[in-house]
Amino acid sequence: MSSALQSKPVRVAALIPVKRFDAAKGRLATAVQPPMRARLARWVATGVVEACVGLDVFIACDSTEVAEWAAELDTAVIWGPGLGLNGAIDDGVDAISDAGYDHVVISHADLPLPATLTAVARADTVTLVPDRRRDGTNVLSFPLTDTVAAAYGASSFQWHLAAARELGITVEVRPDHHLSLDIDTPDDLIHPCIK
């Protein structure tokens, strides 16, 4: 847990939306065969969960296979069939808030270097970690008293940043070379940081 949050007793949860493994990483189709893409998606998602040391982890999904994988990792599942990514995240945030948590860290499941993930949570602060292109939002963290609605897709970083600024609390854009790296395209597979 972040030292910034240790000075104030808060309950922090991680929310990780996970797509069906056999449907994940479609943009890698020209470089990676389907069975390997499924294994890659599962492996990277496992690393993200394991990086959440000290946090309760919730997996938002609508796949039985993903739910079984989550159970193997001793994480909770928030089942959201037919909600899409943004609906599943908003539903997950609501469920985590209803369970009595104070703060949430939302992370994509395709971060190959997630070791610093728990350091993103800061009390009374919305923290955003954009992807390397500053287009997507790889990690979004906020107090559950000041929620940011999910707006993932093209230009999600700009959408989330604008929504966070409207809340009137501290907003931090955190440059993090590791958390900004995700695996979306064949070029990402040969990034020097993940060799």
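Side chains are part of it too, since the values below use all heavy atoms of this structure and drop only hydrogens, waters and symmetry mates.
- Shortest non-hydrogen contact noted between Ser141 and Val105 is OG-CG2, 3.7 Å.
- Taking the side chain as every heavy atom from C-beta outward, Thr147 and Ser97 never approach each other to under 4.5 Å.
- Shown are Ile59, Asp110, Val77; of these, the side chain to side chain contact (heavy atoms under 4.5 Å, CB included) with Val18 is made only by Ile59.
- Residues Thr127 and Val139 form no side-chain contact, since every pair of their non-hydrogen atoms from C-beta on lies 4.5 Å or further apart.
- Using modelled atom types, one side-chain atom of Arg174 and one backbone atom of Ala119 make a donor-acceptor pair closer than 3.5 Å.
- At distances below 3.5 Å, at least one donor-acceptor pair connects side-chain atoms of Thr125 with backbone N or O atoms of Ala123.
- Note: Ile169 CD1 to Asp146 CG = 4.0 Å, rounded to the nearest 0.5 Å.
- For the residue pair Thr46 and Trp69, a side-chain donor N or O sits within less than 3.5 Å of a side-chain acceptor on the partner.
- Looking at heavy atoms from C-beta onward, Leu15 lies in side-chain contact with Val104 at the 4.5 angstrom threshold.
- In this structure, the side chain of Asp131 does not engage the main chain of Thr137 through any donor-acceptor pair within 3.5 Å.
- At distances below 3.5 Å, at least one donor-acceptor pair connects side-chain atoms of Ser63 with backbone N or O atoms of Val66.
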>> Using side-chain hydrogen bond (donor to acceptor under 3.5 Å, both in side chains), reason through His178 and Thr116 one step at a time and then give a plain yes or no.
In response: CA-CA 8 Å; His178 291 159; Thr116 58; 5.4 Å; no
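- Tyr152 has its side chain within reach of Leu140: a pair of non-hydrogen atoms, C-beta onward, lies under 4.5 Å apart.
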